[in-house]
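Counting begins at 1 with the first residue of the sequence.
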Amino acid sequence: MDFDVPVPSPGEGEVLLAVKACGLNQVDLLTRDGQTPKEVPLPHISGTEVAGDIVALGAGVSDWRVGERVVVDPIIACRHCASCIQGRTNMCLQSRVFGVQTQGGYAEYVAAPARQLLALPANLDYMSAAAMAVTGPTAWHMLRTRANLVIGEDVLVVAAGSGIGVLGMQIAAAAGARVIATAGSEDKMRRALDMGAALAVNHSDPSWPEKVRSFTGGRGVDVVFEHVGQATWAGSLRALARGGRLVTCGGHSGFTVDMNLWHLFVKEHTIIGSFAGTRQDFLDVMHLAEQGTLRQVVQEVFSLGDVSRAQQLLSERKVFGKLMLDPTLQ
């Protein structure tokens with residue numbers, strides 16, 4: 001079901017975009033269900049991953065022209081605090097997430113800060129860019145910045161069939177790591193193997209951590225790429241080698257988890273939090289997309305009228321890769 005709202009007017013420093021592609025994300029479900037850390041004012045339009053055409057310029061915008069094809073960097077930072085000056089824009093205390101603390105791309109038109117835009121290269125289409133605007137920088141920041149992944153390591157990508165998992169596998173492989181994947185169905189396991197995973201296990205099977213340890217000669221993995229939370233947390237820790245690192249960016253299955261501190265210090269595990277990505281992470285990922293090094297898997301594209309059905313598929317975990325919206329579809 002869709003509904004009509006007035007076309008927004010771009011404010012100072014903003015542009016008006018005609019949305020050509022918008023990705024669905026777990027944060028959309030959290031926002032819908034009132035589970036975000038800060039309350040989102042209503043009425044609200046979700047949609048954090050947006051690409052489209054500039055159709056109008058707000059006051060003070062001189063670096064862009066009407067008709068340019070762009071993608072939106074969704075982490076809106078102040079650009080002048082200590083974290084921003086250090087390049088850690090994702091740690092800005094004044095930051096907002098486009099489509100969460102602002103109106104988003106589940107619409108034909110959306111206003112966006114001009115400084116958040118990146119011009120699309122000629123060989124990168126709207127869907128490809130939007131499909132990794134959040135998941136790409138987040139996965140890159142987790143593995144390359146926070147976990148400091150190095151060549152030759154074993155990386156366990158939990159829920160590898162998710163949008164972030166698909167890119168996590170590619171980033172780990174590009175860094176020279178051996179990828180081990182978990183998934184929730186035989187089909188997703190097969191697809192993870194087709195994408196280059198050395199092993200795929202079903203995380204619905206309670207013995208999956210032991211299968212991972214057996215595959216690694218009883219040692220376990222060097223890095224766990226975790227974003228599911230409560231449902232997979234204990235297994236992720238069991239699969240982690242002594243001295244290993246677990247990096248996490250989410251917990252949509254539950255944010256409260258148990259940990260045995262004895263195991264933590266005796267095994268010298270490192271638990272690493274990771275939030276979104278920096279501006280540089282965003283630029284790096286889009287450059288890799290332009291080169292063809294990173295490619296998101298788009299399972300299906302929906303019209304705005306089918307948002308509810310798309311979100312239902314996402315909540316039921318019946319997705320490999322990304323679900324996308326195209327507001328031009330009827």
Inset, instruction - Look only at the side chain of Ser253 and the backbone of Ala231, and say whether a donor-acceptor pair between them is shorter than 3.5 Å. - result: yes
Inset, instruction - Would you list the pairs meeting side chain to side chain donor-acceptor pair (under 3.5 Å) in which at least one residue belongs to residues 316-330, sequence neighbours left out? - result: Asn25-Lys322, Glu49-Lys322, Gln312-Glu316, Glu316-Lys318, Asp326-Thr328
Legend entry - Qualifying residues under side-chain hydrogen bond (donor to acceptor under 3.5 Å, both in side chains), relative to His252, sequence neighbours excluded: none
Legend entry - Working for side-chain contact (heavy atoms from CB on, under 4.5 Å), residues Thr232 and Thr182: CA-CA 10 Å; Thr232 55; Thr182 86; 5.5 Å; no
Legend entry - Donor-acceptor pair, side chain of Asp306 and main chain of Arg309, under 3.5 angstrom: no
Legend entry - Non-neighbouring partners of Asp154 that pass salt bridge (charged side-chain N to carboxylate O under 4.0 Å, His left out), sequence neighbours left out: Arg178
Inset, instruction - Determine, step by step, whether Lys211 and Asp205 satisfy the salt bridge (Lys or Arg N to Asp or Glu O under 4.0 Å) criterion, reporting the C-alpha distance in whole Å, the side-chain angles of both residues, the deciding distance to 0.1 Å, and the verdict. - result: CA-CA 10 Å; Lys211 293 179 180 178; Asp205 176 359; 2.7 Å; yes
Legend entry - Side-chain donor/acceptor of Arg146 to backbone N/O of Val247, under 3.5 Å: no
Inset, instruction - Examine distances only and state if a side-chain atom of Ser214 and a backbone atom of Glu210 form a donor-acceptor pair shorter than 3.5 Å. - result: no
Inset, instruction - For Glu226 and Val228, indicate whether the former's side chain and the latter's backbone hold a donor-acceptor pair under 3.5 Å. - result: yes
Going by atom type alone, with no hydrogens or angles, which donor-acceptor pairs under 3.5 Å involve a side-chain atom of residues 6-19 and a protein atom two or more places apart or on another chain?
| residue | atom | partner | partner atom | Å |
| --- | --- | --- | --- | --- |
| Glu14 | OE1 | Gly11 | N | 2.7 |

Legend entry - Pairs meeting criterion ring-ring contact (aromatic ring centres under 6.0 Å, His included) with involvement of residues 202-227, two or more places apart: Phe225-His227
Inset, instruction - Apply salt bridge (charged side-chain N to carboxylate O under 4.0 Å, His left out) to Arg190 and list each qualifying residue two or more places apart in sequence or on a separate chain. - result: Asp187, Asp194
Inset, instruction - Please list all pairs passing the ring-ring contact (aromatic ring centres under 6.0 Å, His included) test where one or both residues lie in residues 93-114, with sequence neighbours left out. - result: none
Inset, instruction - Can you run down the ring-ring contact (aromatic ring centres under 6.0 Å, His included) pairs that involve residues 264-306, sequence neighbours left out, and say none if there aren't any? - result: Trp262-Phe265
Legend entry - By salt bridge (charged side-chain N to carboxylate O under 4.0 Å, His left out) - contacts of Arg295 (at least two apart): none
Inset, instruction - For Thr278, check side-chain hydrogen bond (donor to acceptor under 3.5 Å, both in side chains) against everything at least two apart and list the hits. - result: Asp281
Legend entry - side-chain contact (heavy atoms from CB on, under 4.5 Å) between Leu304 and Leu325, intermediate numbers included: CA-CA 6 Å; Leu304 291 176; Leu325 298 178; 4.2 Å; yes
Inset, instruction - Measure from the side-chain N and O atoms of Gln94 to the backbone N and O of Cys78, and report whether any donor-acceptor pair falls under 3.5 Å. - result: no
Legend entry - Ionic contact status for Glu153 with Arg245, cut-off 4.0 Å: yes
Legend entry - Contact list for residues 66-76, test side chain to side chain donor-acceptor pair (under 3.5 Å), sequence neighbours left out: Asp73-Arg279
Legend entry - Residue list, side-chain hydrogen bond (donor to acceptor under 3.5 Å, both in side chains) with Thr216, at least two apart or on another chain: none
Inset, instruction - Examine distances only and state if a side-chain atom of Arg219 and a backbone atom of Arg213 form a donor-acceptor pair shorter than 3.5 Å. - result: no
